[in-house]
Structures are given as structure tokens and as C-alpha cells.
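In the text below, chain A, chain B and the rest are named by the order of the sequence lines, each starting its count at 1.
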2 protein chains.
Amino acid sequence: MPENITTNHRATIDDVARYAGVSIATVSRVVNTTGQVAQSTRERVFDAIAALNYTPHAAAKGLASRRTNTLGLIVSEISGAFFQPMLKGIEAGVRAYGYDLLIHSTPRDHQGHASRYPLGEYNTDGLLIFTNSLNEAEITRLYQTGLPMVLLYRAPPPGLEIPTITFENKSGARKLVDYLIEQRGKRRIAFLRGPQENEDSYWRELGYRDSMAAHGITVDESLIGDGEFDEYIARRIVNEWIKQNLTLDAIFAGDDESALGAYAALNENQIRIPQDIAVVGFDDIPIARYLSPPLTTVHVPIEMTGCVAVDQLMRLIRGGNADLLTLLPTELVIRRSCGNKESATP
Amino acid sequence: MPENITTNHRATIDDVARYAGVSIATVSRVVNTTGQVAQSTRERVFDAIAALNYTPHAAAKGLASRRTNTLGLIVSEISGAFFQPMLKGIEAGVRAYGYDLLIHSTPRDHQGHASRYPLGEYNTDGLLIFTNSLNEAEITRLYQTGLPMVLLYRAPPPGLEIPTITFENKSGARKLVDYLIEQRGKRRIAFLRGPQENEDSYWRELGYRDSMAAHGITVDESLIGDGEFDEYIARRIVNEWIKQNLTLDAIFAGDDESALGAYAALNENQIRIPQDIAVVGFDDIPIARYLSPPLTTVHVPIEMTGCVAVDQLMRLIRGGNADLLTLLPTELVIRRSCGNKESATP
DNA sequence: CTGAAAGCGCTTACAG
DNA sequence: CTGAAAGCGCTTACAG
């Protein structure tokens, strides 16, 4: 040992350099494998690193290199069926690139006030933005700073070229309604749509209308309900339908949450699923298969969505160009709520 | 405007200082409200900040102040019923303190190799550690660096004084089994315990045994099954019990996941819940109320657990002392799976 | 109440 | 292949 360094605190690049008898520039080159370093020198540096238990200091590294090695994720809230699998996919992707992940959930009331925003160019190399967690003005502002970003489940504000990741909502809904009509003989199919600004809902409704039209069925607009993708609101709507004595033979809940509401309303009125009315949802949330009867729905690859988003973002960060739109495939999952004969798997 | 600064990139503290006609030290004092600054000066600085849309650079701040303003969370994986509500609580807490949150999920195979660990003294001011996401050796190492940390749902390695947050598993289990015995007249109560090293399971089993003993019932050890807190393993165990023709009038699944397995096994054998056998769980996961019949279980305040953990960690970070053990209360939730007459809420 | 200056731990041209 | 040195954007004694 060249020296007896006994700082009681963390080793710095200086300590390593002194210990190995080289300059800090060389240590930096070894650590980051940037530039040529003689094999023997490299080994001495590695020994020093091991002996001193050296770990580079993230903030210093970030300051000097003008990179943070951190990706930011902005979500509207940490809950909902989407959050967990999406985060899982994102985390896996982020780790694969050796990056860190900073998460921020925007309180509903946060509206701009630019200089205080907790995630941005100063602490991340790029941003993943979940649906409506950020308004258009904020997205535009960030975009103009040149910060790479990728949107999840939403289109960019007009004119901005920001990659978007989502899944095939329209064709998924189309397949689902096709199935109800062709295989189950349904014709009076109600639709519970989501919030006005929700793009998933928008495309699902389009798929529904396409299917109906393709089969020559006129959509009865009184069978379109604003379920808001909310269990309790959906329940109220379906209860109203029942009270009004509307004839319908199937309910297409725009998401599984509202399907829960439909189940509740039908149960309350002793209307049997699927014997009296079929119910189908969208998303395939974990609960779906445990309901009685198990819910027919469309499976969406949420986790993969997170992975792909990170991939695209990294391409941007590394100066490449990303795909403006990535549509991940969805899959029809037939369970008993639409009347088939498959056995339950509780 | 004193000057016409047209850097095409982010404003720095220098820009602000020049614009306001003060030193960077003064800007720093205004921004961080540290030290006295004349009212008029402060206003000039604020104007400059607004005009230049200045945001402090996190990495530089961290470097200079030797703080990161970031908390780290280590989890074993981003899934499981605990993760989401826990993270929600943590995020809320972290934001309340104006901190950032860095999340890292440890791959199963990660074993030490100290110098490469992605979360530590160099990028966080403190760590939240979820159950067994880190082994004792790693925890000990981090502890010795002096990094503040708090454990969730696990005790510290012997000899280390690290605050732990968990809930009243034992008394929760005790209340639950008391109820089965006293209100439902059960006596042959099987128990599906969790993994060996799982501390929640350990305490729940103790609560179970306490209750049995208190009511003069000898525990039949053949009715203790290693369900591993896993739906499919639990299902297999219960199927074995049925095959062996064991008499039992209730199953206490150590967690709701294993209760799902019990449900499946009983269903497969046409054994009715609760008429033939009562089933109860622990945790009150979201699915619990949707099962048929809805599951009687013990509600655990997971989200609050996250908040409290952040509070304790911040006390440590700020140099105060935290509570070594925080036990959050649990609550019995009676539903139909143990045979009461309450109506379903599907 | 304010400023000059050292220093935080790195990276990165630049020169050799 | 290697080193000296400037510089990243801040904070914080220290002086006044």
C-alpha cells in the first residue's frame, strides 16, 4: 500500500488516484471506460477502488458531465390498475440502462408555476409522462427546453413531435364487440365510456361504433353512458338504464372498473350475468378473473408499455430518433360474463 | 433591465446575480432563505429569478451542500398487494418534505458487491428498506456508513438500532381467531403460514396460537400448513388436507393471497364457504371484498405505514432520534366468508 | 446585510 | 497512454 489513507468518510476520486499513483483523469477514464488506459494502470486503479471501497458521487458526476443518469416519471397519482404494472416495466427498463428513476405524482391542483416544478432538465435526462398528469402548457414548456420525453397513453399537444406509447384500443374494442355480435348474437349493446379527455376511451368508443356499423346495427345513443371509468358512477348509470326499462342484451364497459359498477347494478336488480345480460370490460385488471362470473375483457400489455417507453426515451437521449407512435397489441380474453361455457378459475 | 442576457440555455445563479446586481451568495441566501437579506434586495432577486425563469440545479446544489434532498426506496419487486399503497404513502410523505424519491427494485440475485449498489450515501440522504429486499450483510454495511435508514415490515439485524415500521400482526391475528372461536363457534382452525423468514407470518402465527391457547384449544400441528403466502401453494396444501379427510371447520389463511388458494381448493371439491368451512385471511387486499363470498380478513394500514416511515426517516436525517419500533393498528373486517349474515357488496 | 473566494467531486478538452 | 487544469453550479465560512 503506497499510503495509509484513513479518511473516516467516503473515498473520493482523489483518494483513489493517490492510492493508485495516477491522476484523477486516469481514474475517471477507468471508471467510465472512456479513453485508452494501459492494462497495468487499469489494474492498479481497480485495486485502489476495491481497497478504498470507492463509489463515484452521483451529484458530482452529474454536475461535471451535465447528465443526471436519471429518468423522471410523472404520474397523476400512485394508484389505479395501470400504475403498478407500468412502473414495473419502467423500472426494469431503466435498470437495464443503468439509470435511476425519479417519480413524481402531480397533485390535482398543480398548474404550472414553472420554476417550482420538481422534475425537469436540472435533475433528469428525460421524462416519461403518464396520460394527463401534465397539462399541454406544461408539456409544451418542457418540450421547448429540449428535454427528451415520451408520453404514455396520450397524444402530444398539436405540433409537438413527442413519441407516444399506447395500445391498440380501437382494434381491441372492435374485436370485442365483433365477438359479442358474431359469436353471442348480441345487438343491443350499451357502452359505458370514460372521461371526456381520456384518449383510451375515445378510441374504444370508435372501435365500438365501427363494429356496430360494420354489422349494420344502428347505435342507439341512449345506450351510451358516461361511466367516467368509475365504478360508482357506472353503477348509477346502469341503474338508471334499468329503471328506464331500456332493452339491452349486453354492456360494454369501457374499462374494467366500470364493469365492476355494472356488475353491482345488475346484481342489485336480480338481473343475471350472463343469462340476462352479458357484460364485458377492457384492461383485464387482476380482479377481472375473480369476479363471478369471471369477466370477459381485453387484455392490455401495460408492463410492456413501460419497457417500450424507456427504450424510446433512451433513443432520444442518445441523440437518435424515436418512433412517434407505438401501438402495442391487445388481446381478447373470453370469460364467462358474456355467456360462454368455459369453467371458472377462481 | 440592467442587461440583456440571452443565453440560449438555462439560467444559472450567476445570471440571476448579474441581472439583479448582487452576488451569487445573496441569490443563494434568497433562494434558500438562509441568512438575512434586505427586503429591497430580496425583491430584486425575485424579479431576476422570475425574469430569467431560474431553477436551481439539483446536482450542483447536492454537491455543494453535501445533501441530495432525495430519499431512496429499496423494494424486492414492484408488485404484490403491498407495493402500491405503500409507495403512495411514501410519495405523499416525501413530497410533503420537498424531497425526491429514488426507487430501486433489487433483482433476486443481487448479493452485495458493495461498490456497485445503485442506492446509497452518494445519491440519497436516507433509505427506506422494504422487508427482505436487502440481506443483513448489506444492511449492516449501509448502517456503518452512517446513512440514515428505516425498515418496513422487518426487524433490524441484531445489534443495529434501525427504526422499524410494521403493524400489529399478532394482535390482529389474535382478534381474528378470537372472533372465529367466540362468535362463530369454530374449534378446528387450520393455519396457512407464510415463508420461514417472513416476520409478518411469524407474528400472525403467534397471535393464532395465543388465541387457541387462551380458549383451551390444543393446536393440531397437522393443521398448520406452509402456504408460503402463495395462492397456488396454498391451494395445493388445502387440497391435501381435503384428500386426507382432515376435519376442520375454519381455515385461517396467513394472508389474503393464500386465502385465494383456499377458496380455489374448496371450490374444486364442492365444499361450500362458509356453510361447510369458514375461510379468513389477512391484509384486506382489494380483491378481498369482491370474492364470493366476500372474505373476512384483517385490514392493515399499508399506506399509513409509508407515511410514517418517511416521517421517522426525516427525523433521523435532521439529526433527531426516531422511534425504534412503530406498530400501526390493524382492524378486523367481517365479511361473509366466515358465515355472518351481512350482505355482499360486490 | 453583503461579497469574494474556496471548495464540493467529478469530466473533459488540451497538450504532451 | 497520461496528467494538469479549467470548469460544472452551487453553498458556506469568513470578513467586513
Side-chain angles (χ1 to χ4, degrees), chain A residues 5 7 9-46 48-49 52-70 100 115 120-125 145, chain B residues 5 7 9-46 48-49 52-70 100 115 120-125 145:
Chain A
I5 300 169
T7 40
H9 270 322
R10 328 180 35 218
T12 70
I13 197 173
D14 277 290
D15 300 326
V16 176
R18 223 172 311 144
Y19 191 103
V22 299
S23 73
I24 62 167
T26 297
V27 176
S28 174
R29 288 190 192 101
V30 171
V31 169
N32 302 299
T33 56
T34 140
Q36 306 274 52
V37 178
Q39 178 61 28
S40 59
T41 310
R42 192 181 307 127
E43 278 166 10
R44 285 219 311 289
V45 172
F46 276 135
I49 288 175
L52 301 175
N53 196 10
Y54 168 69
T55 320
H57 188 287
K61 203 165 174 159
L63 220 208
S65 65
R66 299 152 150 298
R67 281 181 285 99
T68 64
N69 248 272
T70 301
D100 281 333
S115 64
E121 333 84 67
Y122 43 95
N123 58 359
T124 61
D125 294 343
T145 70
Chain B
I5 301 170
T7 41
H9 270 323
R10 328 181 36 218
T12 69
I13 197 172
D14 276 292
D15 300 326
V16 176
R18 223 172 311 141
Y19 191 103
V22 299
S23 72
I24 61 167
T26 297
V27 176
S28 175
R29 288 188 194 103
V30 171
V31 170
N32 302 299
T33 57
T34 138
Q36 306 276 54
V37 177
Q39 178 59 28
S40 59
T41 309
R42 193 181 306 130
E43 277 166 11
R44 285 220 309 290
V45 172
F46 275 134
I49 288 175
L52 301 175
N53 196 9
Y54 167 70
T55 320
H57 189 288
K61 203 165 175 159
L63 222 208
S65 65
R66 300 152 149 296
R67 281 181 285 100
T68 63
N69 248 272
T70 301
D100 281 333
S115 65
E121 331 83 68
Y122 44 97
N123 58 359
T124 61
D125 294 343
T145 69

Please report the closest heavy-atom contact between [X] and [Y], naming both atoms and the distance.
X	Y	result
B:Ala17	B:Ser23	CB-C, 3.8 Å
A:Arg29	A:Gln36	CD-O, 4.5 Å
A:Ala48	A:Ala20	CB-CB, 3.9 Å

Could you check B:Thr12, B:Ile13, B:Asn32 and say which one makes a side chain to side chain contact (heavy atoms under 4.5 Å, CB included) with B:Val27? B:Ile13
Please list, by residue number, the residues of residues 36-45 of chain A whose heavy atoms come closer than 4.0 Å to an atom of DNA chain D; answer none if no residue qualifies. A:Gln36, A:Val37, A:Ala38, A:Thr41
Under a 4.0 Å heavy-atom cutoff, the residues of residues 61-69 of chain A touching DNA chain D are A:Leu63, A:Ala64, A:Arg66
Does some side-chain heavy atom of [Y] sit less than 4.5 Å from a side-chain heavy atom of [X]?
X	Y	answer
A:Val37	A:Thr26	yes
A:Asp15	A:Tyr54	no
A:Lys61	A:Asn69	no
B:Val31	B:Ile49	yes

Could you give the start and end, 5' to 3', of the contact zone on DNA chain D for chain A, using atoms under 4.0 Å from its heavy atoms? D:dC1 to D:dG9
Sugar-phosphate only, base, or nothing, as touched by A:Asp14 at under 4.0 Å among non-hydrogen atoms: nothing
Quick check for you: to the nearest 0.5 Å, what is the distance between B:Asp125 atom CG and B:Arg66 atom CZ? 12.5 Å
Mind checking the CG-CG spacing from A:Asn123 to A:Asp100? Nearest 0.5 Å is all I need. 11.5 Å
Dot-bracket for DNA chain C, 5' to 3', counting Watson-Crick or G-U wobble pairs under 3.5 Å, with [ ] for crossing pairs and | for inter-strand pairs? |||.||||||||.|||
Which comes earlier along DNA chain C counting from the 5' end, the contact point of A:His57 or that of B:Ile24, where each point is its nearest nucleotide? B:Ile24
Residues that A:Ala64 engages under side-chain contact (heavy atoms from CB on, under 4.5 Å), provided they are two or more places apart: none
Counterpart residues, side chain to side chain donor-acceptor pair (under 3.5 Å), relative to A:Thr41 (two or more places apart): none
Per nearest nucleotide of DNA chain D, the residue lying toward the 5' end, B:Thr34 or B:Ala59, is B:Ala59
